[in-house]
Amino acid sequence: MHEEIHELLSAYVDDELDSKQQQEVERHMSDCGECREEVAHLLELKALLSSAYEEFDMKNSNMEQTVMARIRSESTPETLLSRGGMAAAIAGAIVMAAFLWFASSVITKGIHVGVTLTSISFSLIRSAFTVAGALPNLLEVFLVLALIVLIASGWSVRRLLDTKSTG
């Protein structure tokens with residue numbers, strides 16, 4: 001019971017409970033000093049946060065207008081098409097093109113390995129179902145299949161890494 005009420009304390013402080021739950025919490029708190037302390041702590045924290053928010057809100061009441069004015073002033077067409085902005089965009093495009101050009105061979109090899117592994121996996125699964133039809137212990141067949149797939153995958157990845165490091 002204590003844990004159930006303890007979970008409702010935050011909602012109690014925020015007045016989010018229905019009248020039945022509120023009465024249960026108040027009845028429990030009349031006997032439980034720990035929950036009374038927790039509610040006092042939560043009320044203190046709520047008051048502190050509310051006062052901090054009000055101070056912030058009062059200090060920054062025109063913050064939205066200030067931010068929007070600054071955004072409008074800095075996003076003029078002249079600013080967007082400045083030499084620095086254009087140079088950065090061109091440099092970014094060159095870097096991206098160079099990366100794609102150099103990475104294309106690695107990407108192609110990776111796709112080839114993925115297709116090969118998928119093909120091997122489907123062949124092994126087809127074979128496993130053929131064998132499983134003839135064997136009574138299907139679980140053992142799947143375990144052997146999983147082991148074969150793991151070994152084949154490891155061999156393929158090792159082979160790929162060896163070709164990359166040597167060539």
Side-chain angles (χ1 to χ4, degrees), residues 3-4 6-17 37-132 138-167:
E3 291 300 319
E4 292 171 9
H6 194 267
E7 290 179 15
L8 297 174
L9 294 181
S10 180
Y12 174 79
V13 168
D14 292 333
D15 294 323
E16 296 174 348
L17 299 178
E37 260 184 53
E38 181 71 20
V39 166
H41 177 71
L42 289 171
L43 287 169
E44 183 181 321
L45 184 60
K46 182 178 179 180
L48 181 64
L49 288 173
S50 294
S51 67
Y53 179 75
E54 287 171 6
E55 285 180 31
F56 177 78
D57 196 35
M58 293 169 79
K59 289 179 184 175
N60 298 306
S61 61
N62 66 347
M63 182 180 216
E64 182 179 353
Q65 291 84 11
T66 305
V67 169
M68 291 306 293
R70 182 134 185 217
I71 289 172
R72 282 187 211 102
S73 71
E74 291 185 7
S75 62
T76 62
E78 295 84 26
T79 307
L80 295 175
L81 297 176
S82 68
R83 289 184 186 186
M86 290 299 275
I90 291 170
I94 291 171
V95 168
M96 182 61 85
F99 172 76
L100 290 174
W101 186 65
F102 287 119
S104 65
S105 65
V106 174
I107 293 170
T108 304
K109 284 182 184 178
I111 291 172
H112 178 70
V113 168
V115 169
T116 304
L117 286 176
T118 303
S119 174
I120 291 170
S121 297
F122 282 131
S123 296
L124 288 172
I125 290 170
R126 193 175 332 111
S127 300
F129 279 115
T130 302
V131 171
L138 186 61
L139 179 60
E140 292 172 0
V141 170
F142 282 122
L143 290 175
V144 169
L145 174 66
L147 184 60
I148 291 170
V149 168
L150 284 173
I151 291 169
S153 298
W155 175 80
S156 296
V157 169
R158 178 174 296 210
R159 186 168 174 222
L160 175 66
L161 291 175
D162 287 343
T163 57
K164 184 178 180 199
S165 63
T166 58

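Computed from a predicted model, the values in this text were never measured in an experiment.
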What's the spacing between [X] [atom1] and [Y] [atom2] if we round to 0.5 Å?
X	Y	atom1	atom2	value
Ile120	Thr116	CD1	OG1	6.5 Å
Leu9	Asp14	CG	CG	11.0 Å
Leu42	Glu37	CG	CD	11.5 Å

Under 3.5 Å, side chain of Ser119 to main-chain N/O of Val115, donor-acceptor pair present? no
Output all residues satisfying side-chain contact (heavy atoms from CB on, under 4.5 Å) with Ala11, sequence neighbours left out; order by chain, then residue number. Glu16, Leu17
Any residue meeting side-chain contact (heavy atoms from CB on, under 4.5 Å) with Leu45, in chain and number order, not counting sequence neighbours: Leu49
Of all the heavy-atom pairs spanning Lys46 and Val13, show the shortest one and how long it is. NZ-O, 3.2 Å
Using the salt bridge (Lys or Arg N to Asp or Glu O under 4.0 Å) criterion, which residues pair with Asp15? Sequence neighbours excluded. none
